[in-house]
Number of protein chains: 2
Amino acid sequence: MSRQRWHSVKDIRIADVARLAGVSTATVSRVLSDPDKVRQKTCDLVMEAVRRSGYTPDRTAQNLRTRRTMNVLVVAPRLTNPVFAQVLRGVDDELTRCGYGIIVGNLDNQREREPRYVALALSRQIDGVLLLTGHVPQDGDRNMKEAGLPIVAMCAAIDDPSIPNVVVQDREAARQAVEYLVRLGHRRFGYISGTPTSIIEVERYAGFVEGVAAGGFSQRDIVRWEGAFVFATGVAAAEAFLRLKKRPTGVFAACDESAIGFVKTVQAAGIRIPQDVSVIGFDGIEVSDYIEPPLTTFRQPMYDMGRAGAQILLNMMQGEAATGIPNVRMPLRLLERGTTSVAPSRARGLKVVA
Amino acid sequence: MSRQRWHSVKDIRIADVARLAGVSTATVSRVLSDPDKVRQKTCDLVMEAVRRSGYTPDRTAQNLRTRRTMNVLVVAPRLTNPVFAQVLRGVDDELTRCGYGIIVGNLDNQREREPRYVALALSRQIDGVLLLTGHVPQDGDRNMKEAGLPIVAMCAAIDDPSIPNVVVQDREAARQAVEYLVRLGHRRFGYISGTPTSIIEVERYAGFVEGVAAGGFSQRDIVRWEGAFVFATGVAAAEAFLRLKKRPTGVFAACDESAIGFVKTVQAAGIRIPQDVSVIGFDGIEVSDYIEPPLTTFRQPMYDMGRAGAQILLNMMQGEAATGIPNVRMPLRLLERGTTSVAPSRARGLKVVA
DNA sequence: CGACTTTTTGTAATCGATTACATCTTGAGG
DNA sequence: CCTCAAGATGTAATCGATTACAAAAAGTCG
């Protein structure tokens, strides 16, 4: 045995079942897909043959004939982001119920990986796409939309009116974050960015700036550290923070991971949280509750977003009448936990107005 | 437009390209798959036609003809386990390089979800399977092996000599964990289990018991809390722990998530870690370093395990000569961090022998 | 019982590629 | 210039299901 052959030992086709049951392949097919069209007696006969032979239809052949694959592609910016896992759970629960499979696409924060998924769409290996990426994957001049497949954007809105979005109120939340800090007496604000080209980043920063302005402060009261939606960005921001003479006392991070990176790093340098610096994150991933002190953050309904996005996609794939492009905005909740408190200069004599 | 139709606007088949280039479909196919068999001039002609028409081969049709789908199923016990995300990264990097796609199967700790993935295998929608589940998925009397596909087990060994395993030295590590605790002077040991039926759980507990015995202690010095590989198990174990009169001072958890659950819960009850209780986890997930104090734990090379498993599967799928069943055991590293210290009764006067 | 409708079943085309085999080109060598 | 082998291309079968259409069977009713 030099070359191991990997195929099913018993390789039973629909024709075999038909012969076994003494009917035509058409009848077998009908029994399996639409039994009402077949007489009960024949149905039993065929089912018996199916059972005895252990026949399972070849989905590859079905796919070709029916022009569907019952597979959906989910493209994520990075697999190890806990937000992704939660959203994927919701997506999986919804799609699995309807018989769809999930193919994961991992960009790992590298745009060079996009072409592969464009090709997947173009080659008709999938019936629909869920994007968590904030933009439509491209391959040179071609992009995924050209495949003509239904696409739904989740988590990160896409600036394309033809694509339904399931997103949170990024801008409003960021604005609220600052307002919360202002109420606590902070006067100098730090912002830890996500990937600058990402739309959610743009939105969150816009909201942040709005909040600062609404509080009566100006651009000069802001320090902004650029990065990506990763832990390391928080670490880098913290290092920059520590080098400052005039440090912000209220910091908002565009995601929990970088918020945690920031907290851990400044703590290691002897900064006390929240006494010296208040930090607000964004996402509400599980870990944010495990650090010390637990992170004040906005909780996204990740699982529900996954389900909502999947439902919209299912509707589109089933060719439902498109009654406008759905644009779902999910609610956010500020989890007031341990990383925020009144600004240090006013720690005495001031009350927190929650 | 009552029913939106979702298919490619321009629907170009190989015959169209052939006509455009003035050749037969066979030639087009050859140019695309094995250009050396075609004259350079013809090749250029065809490629030009492909470019102009924007043709992409229909993978569904290719699949049927070639009897391969270039898709691999990865079955995970639970999506939100960070170990899974890391392993999946490794798997993805390896498989993507070879043109394979990944279909994720999420059992969400429920065996009822297995039949769906058995069906996937039986219906020839995939070319191979990576199991992180510790057992072969079943559907009544049928199981996934019947599909005759190459299967590789990762993270959790499978008790089936025909299936290659990529695992860590669970038993040895668990044993070392206890030995470490013994060296620190602990005399009473707690064990937080994973899913009892899981083989890695069995292995880790066996190693734990071995270590206890090797230290000169007996079964009576052990407290065992049963559960699953989840955070909540650690919480439950902690609650049981707090009710004990005679508490263990050295606790080993079969996974980091439950270790963290335990640490957080006992801390909330006023127990000091590591002064009152030492805790050792298993996995080395990112979060384990973010809690306070950082968790002492064994780090699994998750990404590398993913790659190794994928490579073995690739070999099997490419029909390489099977030179025995590979059984890779990856190294583990004990990360001595903050949750372990000398046993409380001996805190004075004893030195840590590391 | 026969005419006609309805239901059930079978035949064969089809989905879109790959590939065995046949046929036609090309070029080398005499 | 002719012969023959090697190389290039075309024809048509094939993968395994679904399904339009035709044909046959079963039922209905006067």
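Below, read A as the first sequence line, B as the second, and so on, with proteins coming before strands; counting in each chain starts at 1.
Under a 3.5 Å cut-off, the side chain of B/D58 and the backbone N or O of B/A61 do form a donor-acceptor pair. A/T96 contributes a side-chain N or O that, together with a main-chain N or O of A/D92, makes up a donor-acceptor pair within less than 3.5 Å. The backbone N or O of A/S29 lies less than 3.5 Å from a partner atom in the side chain of A/S33, making a donor-acceptor pair. The main-chain N or O of B/R13 is found under 3.5 Å from a side-chain atom of B/D16 such that the two form a donor-acceptor pair. Listed for the B/E146 side chain is a donor-acceptor partner under 3.5 Å among the backbone atoms of B/N143.
Nucleotides of DNA chain D lying under 4.0 Å from heavy atoms of chain B occupy a range whose first and last members, 5' to 3', are D/dA8 to D/dG16.
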| message | side chain to side chain contact (heavy atoms under 4.5 Å, CB included), that's the test. Do B/N71 and B/Y100 meet it? Break it down for me. | response | CA-CA 5 Å; B/N71 276 139; B/Y100 284 87; over 6 Å; no
With the criterion being N/O to N/O and under 3.5 Å, what pairs connect the protein with nucleotides 5-9 of chain C, and how long is each?
residue, atom, partner, partner atom, Å
C/dT9, OP1, A/R39, NE, 3.4
C/dT9, OP1, A/R39, NH2, 3.3
C/dT9, OP1, A/T42, OG1, 2.1
C/dT9, OP2, A/R39, N, 3.0

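The residues B/R124 and A/D11 are annotated as salt-bridged, a charged nitrogen and a carboxylate oxygen being separated by less than 4.0 angstrom.
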